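Down below is the structure, laid out as structure tokens.
As the structure is a prediction and not an experimental result, all values here were calculated from the model. Just so we're on the same page: letters track the sequence lines, and every chain starts at 1.
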Protein chains: 2
Amino acid sequence: MTETKARRRAGRPRVFDTDAALDKAVRLFWQRGYEATSMADLVAETGVAAASLYAAFDNKAGLFAAVIERYAATFSVHLYAPINDPALSTYEAVKGLLERAASSFSEPGTPAGCFMYSAAAAVSPASAAIECLLRDKRIAAEALLIERLQRGAAQGELAANSDPAVLGKFINTVMEGMSVQARDGATINELLSIAKMALDRWPAAI
Amino acid sequence: MTETKARRRAGRPRVFDTDAALDKAVRLFWQRGYEATSMADLVAETGVAAASLYAAFDNKAGLFAAVIERYAATFSVHLYAPINDPALSTYEAVKGLLERAASSFSEPGTPAGCFMYSAAAAVSPASAAIECLLRDKRIAAEALLIERLQRGAAQGELAANSDPAVLGKFINTVMEGMSVQARDGATINELLSIAKMALDRWPAAI
DNA sequence: CACGATATGGAACGATCGATAAATAATATC
DNA sequence: GATATTATTTATCGATCGTTCCATATCGTG
């Protein structure tokens, strides 16, 4: 696509910045959820006319799909950076993940909690497809975490009787709960205390 | 009110069973969330005409408020029964709570997860009042759990350096995460594994 | 420079939303 | 038996929904 980028296509150039519009849409969907966010809300928040949004994203669900990818490319990359850092031990990686979760989920400038867990927690049957998109992202993130734990186990960093799949699911469950807690107003310190208690159950190798 | 029950009021008697209607409404809101559940859906599911629902509950939010109370009086009472059981030790009470959560959240005949955590995870500003109702319920449930842990601590059932508030918040966070996991398809065994990990390293008094 | 391709924005579309009106019905009360 | 009260049912309301239409604009290409 760098070829098409260098040689602009025919037709009227898009005026609005799609990434900037997506960033604003991320916040709105994160805050209110897919079903409670109307196209009128999105128009007001992004400053882009409805027809222009439709030209770029096809429909509301298409916009939401792009929003998911935008969140994954920004917030999730930051959140999971410790998991993808080979310089960290397995324990340090998970500790970093939970600490970033505590910080990110309670950050003042963004909606509380995690977009992936709350933006489409419950939807109508007509929106099942977008709910599946989010669920697939959550399942992929959990699989990534479990893979990291499995590599740690293979390197002797976990207790021999420890099951990385169970541990990974447990850590992920705690993170999901931290998101709910954050949306209910939990402070970063409360979230860090929860993270610490989860890490207190770490199956260290002896 | 037994007096008004014995001597029926003037006026046309209500035909539909409000508890039965509420039970059906509980399931629909639990499955789809407040925002994605329309009055037309509720009419179809309960078999009660819209005007009759309005006569009984005033408006959609009023119906939802009644649904919250119905859920609290049925599912929540069952879920928290171990916490209210004086015959159980503090550890046994929490263990029972988490086991019931694992079972209830993944029960085949009802929507997955917990109504309290998913029915209004994200709403529009116009629905802020009902979101607050649910949040207040969650906060009250967490306070109940913490009180139980505090009584256990006072009775010497927790380690001296253990903070019942932090432990209670941790247990509650795990339960909230289990609800998200259940909605993503986690089995009762997976949920029980998570519960078991949460109970590991229980701060027992020595 | 004309043409084709694509974007923009305001207006408007059909469908659905939550809620109410009006006629009728079913009770208790006097 | 008339009256008052409350519920039911069907139709309808104004508002909002997601989406498209249409006139216009802005580019690249031959």
Over how many whole Å does the gap from [X] atom [atom1] to [N] atom [atom2] extend?
{"X": "Leu53(A)", "N": "dT6(C)", "atom1": "CG", "atom2": "P", "result": "19 Å"}
{"X": "Phe64(B)", "N": "dA19(C)", "atom1": "CZ", "atom2": "C1'", "result": "19 Å"}
{"X": "Leu42(A)", "N": "dT16(D)", "atom1": "CG", "atom2": "P", "result": "16 Å"}

Donor-acceptor contact present, side-chain [X] to main-chain [Y], <3.5 Å:
{"X": "Arg201(A)", "Y": "Met197(A)", "result": "yes"}
{"X": "Arg138(B)", "Y": "Tyr117(B)", "result": "no"}
{"X": "Arg148(A)", "Y": "Val94(A)", "result": "no"}
{"X": "Ser193(A)", "Y": "Asn189(A)", "result": "yes"}

(message) By nearest heavy atom, map Phe16(B) and Gly11(B) onto DNA chain D; which one lands nearer the 5' end?
(response)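 Taking each residue's closest nucleotide, the earlier one in sequence belongs to Gly11(B).
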(message) Test of understanding: with side-chain hydrogen bond (donor to acceptor under 3.5 Å, both in side chains), list the residues that count as partners of Glu35(A), not counting sequence neighbours.
(response) Ser124(A), Ser127(A)
(message) Need to verify one output field. Residue with the more 5' nearest nucleotide on DNA chain C, Ala10(B) or Arg14(A)?
(response) Arg14(A)
(request) Decide side-chain contact (heavy atoms from CB on, under 4.5 Å) for Gln181(B) and Phe105(B); before the verdict, give the C-alpha distance in whole Å, the side-chain angles of both, and the deciding distance to 0.1 Å. (result) CA-CA 9 Å; Gln181(B) 284 285 323; Phe105(B) 291 0; over 6 Å; no
(request) Look at the aromatic rings of Phe57(A) and Phe16(A) and report parallel, tilted or perpendicular, splitting at 30° and 60°. (result) tilted
N/O to N/O distances under 3.5 Å, protein versus nucleotides 13-15 of chain D:
none

(request) Under 4.0 Å from any atom of DNA chain D, heavy atoms only: list the residues of residues 123-137 of chain B that qualify, in numerical order. (result) none
(request) Using the test ring-ring contact (aromatic ring centres under 6.0 Å, His included), find all partners of Tyr91(A) that sit at least two apart in sequence or belong to another chain. (result)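 Here the qualifying residues are Trp202(A).
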(message) I'd like to compare against my own output: the B/S/- annotation of nucleotides 17-25 of chain D with a strict under-4.0 Å heavy-atom distance to protein.
(response) SSBBB---B
(message) So, taking the atom named CZ in Arg100(B) and the one named CD1 in Ile83(B), what distance separates them when rounded to the nearest 0.5 Å?
(response)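 Rounded to the nearest 0.5 Å, the CZ-CD1 separation comes to 10.5 Å.
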(message) I'd like to check the salt bridge (Lys or Arg N to Asp or Glu O under 4.0 Å) partners of Arg27(A); sequence neighbours left out, ordered by chain and number.
(response)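 Not a single residue meets the salt bridge (Lys or Arg N to Asp or Glu O under 4.0 Å) criterion with Arg27(A).
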(message) Does dA7(C) have its OP1 or OP2 closer than 4.0 Å to a side-chain nitrogen or oxygen of Ser52(A)?
(response) no
(request) Side chain of Pro13(A) only, please: which of dT26(D), dA5(C), dA7(D) is the nearest? (result)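 Output: dT26(D).
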(message) Test ring-ring contact (aromatic ring centres under 6.0 Å, His included) on Phe115(B) and Phe75(B); report intermediate values, then the result.
(response) CA-CA 9 Å; Phe115(B) 171 96; Phe75(B) 291 89; 8.8 Å; no
